[in-house]
Amino acid sequence: MAEDKEIKCDNINYAVYKIGDWKNDYEINIIGTASEIPVTKPTLEHMLKQMDHIRTSVFEIGVKEVNGMIGLAMQFNPSFASRDIDELIELEDKEFKNIMDELNSVELKDAEDTIALDTDEFVIYKLEYDGHTLSPKPYNEYAKRHQMEEIKRLKELSGERFVLDL
């Protein structure tokens, strides 16, 4: 751990989440398929930018162009390859609207509040730049355990094709 024992909730160098369930079910939206719900405004803003970046990416599937959410979903879950592309596009659009509603109504901590960095209440990532990309690194033990569980879950979902290991 670093010298800091706690951070203010307006600190843009950390992403802070609570583990929970979304109100809606998500198959495609990778934000909604994870159980990480933002706790701070900087974390929420980071999620929104990340989602926008993914959705503006374009993949060609057959003769159709699809956004990055659908492209990633097809990579992580091979069962999507057998589904109708138009159905997936419609589903992703519905999920996007639902996750935006949920993200816009999530309760956030006040900017002046502080969070202990060694907590098991929140998953905390330190945000670091790797060249030109922002890379979240698990910062507390809870985040490390959670990330390992997520890797196992993604491997199961993808039929062991997912190869990211820490």
I'd like to check the side-chain hydrogen bond (donor to acceptor under 3.5 Å, both in side chains) partners of [X]; sequence neighbours left out, ordered by chain and number.
| X | result |
| --- | --- |
| Ser135 | Asp130, Lys137 |
| Glu95 | none |
| Tyr142 | none |
| Asn98 | none |

| query | Does the side chain of Leu44 reach to within under 4.5 Å of the side chain of Leu108, using non-hydrogen atoms? | reply |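 Yes, side chains in contact.
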
Tell me every residue that passes salt bridge (charged side-chain N to carboxylate O under 4.0 Å, His left out) with [X], counting only those two or more places apart in sequence or in another chain.
| X | value |
| --- | --- |
| Asp110 | none |
| Glu27 | Arg83 |
| Asp120 | Arg145 |

| task | Output every pair passing side chain to side chain donor-acceptor pair (under 3.5 Å) with a member in residues 45-61, not counting sequence neighbours, ordered by first then second residue. | result |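 Residue pairs with at least one partner in residues 45-61: Arg55-Glu92.
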
Using side-chain contact (heavy atoms from CB on, under 4.5 Å) as the criterion, list what pairs up with [X], not counting sequence neighbours.
| X | answer |
| --- | --- |
| Lys97 | Asp93 |
| Asp86 | Lys64, Asp84, Ile89 |
| Glu112 | Lys8 |
| Glu121 | Thr119 |

Which atom of [X] lies closest to which atom of [Y], heavy atoms considered:
| X | Y | result |
| --- | --- | --- |
| Val16 | Thr43 | N-OG1, 2.8 Å |
| Thr40 | Ile115 | CG2-CD1, 4.3 Å |
| Leu72 | Ile30 | CD1-CD1, 3.9 Å |
| Ile31 | Trp22 | O-NE1, 3.5 Å |
| Ile99 | Asn29 | CG2-ND2, 3.3 Å |
| Tyr17 | Val39 | C-CG2, 3.5 Å |

| field | salt_bridge(Lys144, Glu141) N-O dist < 4.0 Å | value |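 Counted as a salt bridge, because a side-chain N and a carboxylate O are separated by less than 4.0 Å.
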
| query | Roughly how far apart are Leu103 CG and Phe96 CZ, rounded to 0.5 Å? | reply |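 Result: 9.5 Å between the selected atoms.
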
